[in-house]
J.: 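One structure is given below, represented as structure tokens, and several questions about it will come after.
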Amino acid sequence: MQLSTLTFNFPLHAGEIRAFRAAIIGSLGYGHTLFNGFDNSIPGEQKYANTYPLVRYTVHKGRARIMGMGKGADAIMRHLLPVLPDQLLIGQRYCPTDAYDLRVKSWEPEILTEPYTFGLYRYLALNQKNYQHWKALESDEAARAMLLSSCLTGHLRALAETVTPELPRQMIEAQILKVDEVKRLQWHGNHFVGFNLVACANFIPPFGLGLGRCHSFGFGEVCGKRTYQHLAIDSKQARHSNRELA
């Protein structure tokens, strides 16, 4: 499976990802389901597609980035690059697109013989039902970890079903090893609980891709030890700075 990563040279904050996405979609037009996440199967009816997103908008080292896998990777090469304008209007500022870094690589999804440890940054694990269950387990951290492990297993199996349907996804298992931070987040008018955590699983997406809810907007980044530690430290420092300013 092909992975395409397009990193621009202009700075972007996580809070600007939605505007960045809107600028990209505006350049393409709204008929590109892979970029906007809509199901266009019924003319005149706009609804979100019930499929695993294959295009991810995110921030990497303070720069705007788009990642695609499979059909999403092909769409970046075939549809986005040929129509990419010289500038993108993101919020109230114009951002030049002439300097970008494009990298293409292959990923062969597989079930590992041994679990592999990785980090998850700003992972939105819980839907409404699971959130109520998680709240009810306030005094039982072990049960909460089991719930999060079940959610992560489900997200990995959903990814496997999308990228390689022939893989026996029922064999995929994940376990939460450590939760470093639990933070309430607001996104698009909705409230979520985000987790910075360390987990292990026998099916691992490439680092930089996302898992969980809203992962196409930069949440739930899968990362190695060094990147995870860097992101987690930055998150804690930002939280302490905000408290001091308050």
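Each residue takes its place number in the sequence, starting with 1. Just so it is clear, the model here is predicted, and its values are computed rather than measured.
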J.: Among side-chain atoms of Thr7 and Arg65, is any donor-acceptor pair under 3.5 angstrom?
T.: yes

J.: Side chains of Glu114 and Asn202, heavy atoms from C-beta outward: is any pair under 4.5 Å?
T.: no

J.: Please work out whether the ring planes of His79 and His32 are parallel, tilted or perpendicular, with thresholds of 30° and 60°.
T.: tilted

J.: Begin from the C-alpha positions of Lys129 and Asn127 and carry the test side-chain contact (heavy atoms from CB on, under 4.5 Å) through to its verdict.
T.: CA-CA 6 Å; Lys129 179 181 178 180; Asn127 58 24; 3.8 Å; yes

J.: Please say yes or no: joined through hydrophobic side-chain contacts below 4.5 Å, possibly via intermediate residues, are Leu177 and Phe118 part of one cluster?
T.: no

J.: Parallel under 30°, tilted from 30 to 60°, perpendicular over 60°: which one fits the rings of Tyr100 and Phe8?
T.: perpendicular

J.: Kindly indicate whether the side chain of Leu81, heavy atoms from C-beta on, has any atom under 4.5 Å from the side chain of Leu6.
T.: yes

J.: Do His215 and Tyr123 have a side chain donor and acceptor closer than 3.5 Å?
T.: no

J.: Side chain of Thr153, backbone of Glu173: donor and acceptor closer than 3.5 Å?
T.: no

J.: With a 3.5 Å cut-off and no angle check, do the side chains of Asn196 and Tyr228 form a donor-acceptor pair?
T.: no

J.: As a quick check of understanding, evaluate side-chain contact (heavy atoms from CB on, under 4.5 Å) for Val83 and Leu28, giving each step before the final call.
T.: CA-CA 7 Å; Val83 301; Leu28 284 159; 3.9 Å; yes

J.: Does any part of the side chain of Phe203, heavy atoms only, come nearer than 4.5 Å to the side chain of Pro109, both counted from C-beta?
T.: yes

J.: So how far is it from Arg56 CZ to Cys214 SG, rounded to the nearest 0.5 Å?
T.: 11.0 Å

J.: Are Leu152 and Leu120 close enough that some pair of their side-chain heavy atoms sits under 4.5 Å apart?
T.: yes

J.: Would you say the side chains of Thr164 and Glu166 form a donor-acceptor pair under 3.5 Å?
T.: yes

J.: With a 4.5 Å limit on heavy-atom distance, are the side chains of Arg21 and Phe217 in contact?
T.: yes

J.: Mark yes when over 12 heavy atoms from residues, nucleotides or ligands other than Gln170 sit less than 6.0 Å from its CD; otherwise mark no.
T.: yes

J.: Are the side chains of Met77 and Leu102 in contact, using a 4.5 Å heavy-atom criterion?
T.: yes

J.: With a 4.5 Å cut-off on side-chain heavy atoms, are Gln2 and Val104 touching?
T.: yes

J.: Which distance, rounded to the nearest 0.5 Å, do you find between the CE of Met69 and the OH of Tyr52?
T.: 5.5 Å

J.: Listed by chain and number, what are the side chain to side chain contact (heavy atoms under 4.5 Å, CB included) partners of Leu89, not counting sequence neighbours?
T.: Tyr94

J.: Under the rule for side chain to side chain contact (heavy atoms under 4.5 Å, CB included), what residues qualify as partners of Pro11, not counting sequence neighbours?
T.: Arg63, Arg93

J.: Does any non-hydrogen side-chain atom of Val193 lie less than 4.5 Å from one of Leu185?
T.: no

J.: Could you list the residues that satisfy side chain to side chain contact (heavy atoms under 4.5 Å, CB included) with Ala143, not counting sequence neighbours?
T.: Leu137, Asp140

J.: Give a yes or no on whether Gln132 atom CD has more than 12 heavy-atom contacts from other residues, nucleotides or ligands under 6.0 Å away.
T.: yes

